[in-house]
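In what follows, a structure is listed as structure tokens, so that the remarks can point back to it.
Naming: A, B, ... by sequence-line order, numbering from 1 per chain.
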Number of protein chains: 2
Amino acid sequence: MRDQLQPEESKRDSNGYLPGLAIDTVIFGFHQNQLKILLLEYHNTGLMALPGGFILANENLNDAARRVLWERTGLSDIYLEQFYVFGDLARFDPTPMRAIMTAKGFTPPDNHWLLDRFISVGYYALVDFTKAVPIPDSLSDSCGWYDLAKLPPLMQDHQQIVQKALDTLRTDLDRKLIGFNLLSETFTMADLQRLYETILDQKLHRSGFQRKMLSLGILERLDKQYSGGAHKAPFLYRFISNAK
Amino acid sequence: MRDQLQPEESKRDSNGYLPGLAIDTVIFGFHQNQLKILLLEYHNTGLMALPGGFILANENLNDAARRVLWERTGLSDIYLEQFYVFGDLARFDPTPMRAIMTAKGFTPPDNHWLLDRFISVGYYALVDFTKAVPIPDSLSDSCGWYDLAKLPPLMQDHQQIVQKALDTLRTDLDRKLIGFNLLSETFTMADLQRLYETILDQKLHRSGFQRKMLSLGILERLDKQYSGGAHKAPFLYRFISNAK
DNA sequence: TTATTATTGTATCAATTTGTTACAATAATA
DNA sequence: TATTATTGTAACAAATTGATACAATAATAA
């Protein structure tokens, strides 16, 4: 079962979950030279939100994040990282959540646990866009990819969470060599360069980029050649995590 | 008042504080070419711990961390940063806390909130060693500086928290130019180099280090000269945060 | 079949940065 | 006044990065 928060459960108190603590995930994908993130759309509210969830009382925090990720994408072996904890009082506004629940035909009491202050642990994930199968949760009617460059208005402070995730991704890109997680198993050097250019939002010099990537010793060149364009066929590469 | 957790309060339930959530701080100082951290020592238990605390229901998370810092060091304008959330089930072990409370003459019931699972937000702080005045909290009888290189055994997973904080400090040192927070207002280039060498645990070339630091444009050279050694007097420098 | 085209892989050289050595300047001590 | 250890910076080498050039080539068009 990929969806833990059933409508019936939303009427219970927080039993089973740690109270006051949540997880929000910024799930990045890359498609057609665009960075995308997964968003949920709530019925009849016009509110869009990051996939989130709660932590079971007997569950490791990081496992909870993986569970949320799996529930929304069907993917289980994914690059996932904490990046910040959002704990300002200002982010606590019960109005959107009440609207969501009301739209689902449930009128919560004012002291319902979902309307309390939440502190949220932010995670970002990098997934292979072609492998993820977005699935909505019980409170939303859709779950899909949106261009990071033109996001719709988001619930609460989710826009800031996305911005902070993007900042972290940018600074981690070179330090941790994680970009490959956004590509499919094999890719061309041009694919990789377009990914870097999109994430960093700047043009990179082709020659220097190739030289740097190859010098890192983390790419395996496959003899296979890609074919498709009216020009010289590029090599395909595969990421090798020999460091581990 | 610099100490929020009075003995009487420890008998109450978590009212006033967010349940299940804590803050642990790794407070770095630098003295005599050694990195130090602040540790609390609990009476009659042989247990040492990082300064920690809880979040008030109407308090921003980051403000709570500043409050803890102020309560333990008397310092209020300090470099402070989140670095990780520790949320594994394995870290949850009520034995040490029960020992601490028992040693204080209080026998908690098994369901006391302080014996429940906690998820802890880790912060690290950089302070001017000469300005901090360590003050114990109500459950500990001492609070003092310990060499990072030879720490005593620590409570629960605090050793891992320290290690993660140190890792973060090392990677942040060049990216965020934060080392100055560990020095006094003015310092010599040699002071700065010794600090870097200690944090990074490696020798740096004097000439290159000076050239790099000066090229960053974040140091103001003071005409004053330091005097003390039987040799040429070095310039003093001050950090200028012109970037803001 | 052959020329055209856009792209690829890599070489080359310049510009910049970093690593290393050297040395004059100098503040306290002998 | 000479000695000493350290400082500030210059000078040069090595390495890295930036920019340009060009042959190789896979599909398309002539």
Side-chain angles (χ1 to χ4, degrees), chain A residues 30 32-33 170-171 173-177 179-180 183-240, chain B residues 30 32-33 170-171 173-177 179-180 183-240:
Chain A
F30 184 67
Q32 291 178 336
N33 290 344
R170 279 178 177 156
T171 63
L173 190 59
D174 279 323
R175 292 193 309 130
K176 300 185 175 173
L177 304 174
F180 312 96
L183 299 175
S184 49
E185 174 75 12
T186 63
F187 46 85
T188 68
M189 194 57 74
D191 291 336
L192 189 57
Q193 182 172 350
R194 278 189 289 265
L195 173 66
Y196 269 67
E197 288 180 340
T198 303
I199 293 176
L200 301 175
D201 194 26
Q202 62 175 325
K203 285 292 273 179
L204 301 173
H205 288 278
R206 186 175 64 92
S207 180
F209 181 80
Q210 168 133 336
R211 183 172 47 193
K212 179 168 215 161
M213 284 298 145
L214 293 179
S215 76
L216 292 174
I218 55 171
L219 292 183
E220 178 189 6
R221 174 184 283 184
L222 308 174
D223 284 340
K224 285 201 300 178
Q225 311 253 139
Y226 171 82
S227 87
H231 43 67
K232 185 175 179 178
F235 284 104
L236 286 177
Y237 293 90
R238 183 205 316 273
F239 174 65
I240 46 170
Chain B
F30 184 67
Q32 292 177 337
N33 289 344
R170 279 178 177 155
T171 62
L173 189 60
D174 279 323
R175 292 194 308 131
K176 300 185 175 174
L177 303 174
F180 312 97
L183 299 175
S184 48
E185 174 76 11
T186 63
F187 47 85
T188 68
M189 195 56 74
D191 290 336
L192 189 57
Q193 182 173 349
R194 278 189 290 265
L195 172 66
Y196 269 68
E197 288 179 340
T198 303
I199 293 177
L200 301 175
D201 194 26
Q202 62 174 326
K203 284 292 272 179
L204 301 172
H205 288 278
R206 185 175 63 92
S207 180
F209 181 80
Q210 167 133 336
R211 183 173 47 194
K212 179 167 215 163
M213 283 298 145
L214 293 180
S215 76
L216 292 174
I218 55 171
L219 293 182
E220 177 189 7
R221 174 183 283 183
L222 307 174
D223 284 341
K224 286 201 300 178
Q225 310 253 140
Y226 171 82
S227 88
H231 43 67
K232 185 175 180 179
F235 284 105
L236 286 176
Y237 294 90
R238 184 205 316 272
F239 173 66
I240 45 171

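- One interatomic measurement links the two molecules: CG of A/Asp174 to P of D/dT16, which rounds to 16 Å at whole-angstrom precision.
- In this structure C/dT2 sits in a base pair with D/dA29, meeting the Watson-Crick or G-U test at under 3.5 Å.
- In this structure, A/Phe187 atom CZ and C/dT8 atom P are separated by 15 Å, rounded to whole Å.
- Between D/dT17, C/dA27, C/dA6, one nucleotide has an atom nearer to the side chain of A/Lys212 than all others, and that is D/dT17.
- A straight line from CG of A/Leu192 to P of C/dG9 spans 12 Å, rounded to a whole angstrom.
- Counting atom types as modelled, A/Lys232 pairs no side-chain N or O with a base atom of C/dT7 as donor and acceptor under 3.5 Å.
- Looking at every heavy atom in both residues, A/Gln210 comes nearest to A/Met189 through OE1-CG, 3.0 Å.
- Mapping B/Phe235 and B/Ala230 onto DNA chain D via the closest heavy atom, the residue that lands nearer the 5' end is B/Ala230.
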Query raised in the report: Could you walk me through whether A/Met213 and A/Tyr196 pass the side-chain contact (heavy atoms from CB on, under 4.5 Å) check?
Result: CA-CA 11 Å; A/Met213 284 298 145; A/Tyr196 269 67; 3.4 Å; yes
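- Side-chain N or O atoms of A/Arg170 include one that pairs as donor or acceptor with a backbone N or O of A/Ile199 at under 3.5 Å.
- The nearest whole Å value for the distance from the CG atom in B/Leu236 to the P atom in C/dA27 is 13 Å.
- Summarising the geometry of A/Arg194 relative to A/Asp191, their closest heavy-atom pair is NH2-OD1, 3.1 Å, with the distance given to 0.1 Å.
- In this entry C/dT29 has D/dA2 as its Watson-Crick or G-U wobble partner, both defining distances falling under 3.5 Å.
- Taking a 4.0 Å limit (strictly below) on heavy-atom distances, residues 201-211 of chain A reaches DNA chain D at A/His205, A/Arg206, A/Ser207, A/Arg211.
- Remark: side-chain polar atoms of A/Glu220 are not paired, donor with acceptor, to backbone N or O of A/Arg238 under 3.5 angstrom.
- The CE-P distance, from A/Met213 to D/dG18, rounds to 12 Å in whole Å.
- Taking atom CG on B/Leu214 and atom P on D/dT7, their separation rounds to 14 Å, with Å as the unit.
- Between B/Leu177 and B/Phe239, the shortest heavy-atom contact is O-CZ, 4.3 Å.
- Taking both residues in full, the closest heavy atoms of A/Leu219 and A/Ile240 are given as N-CG1, 3.9 Å, listed atom of the first, atom of the second, then distance.
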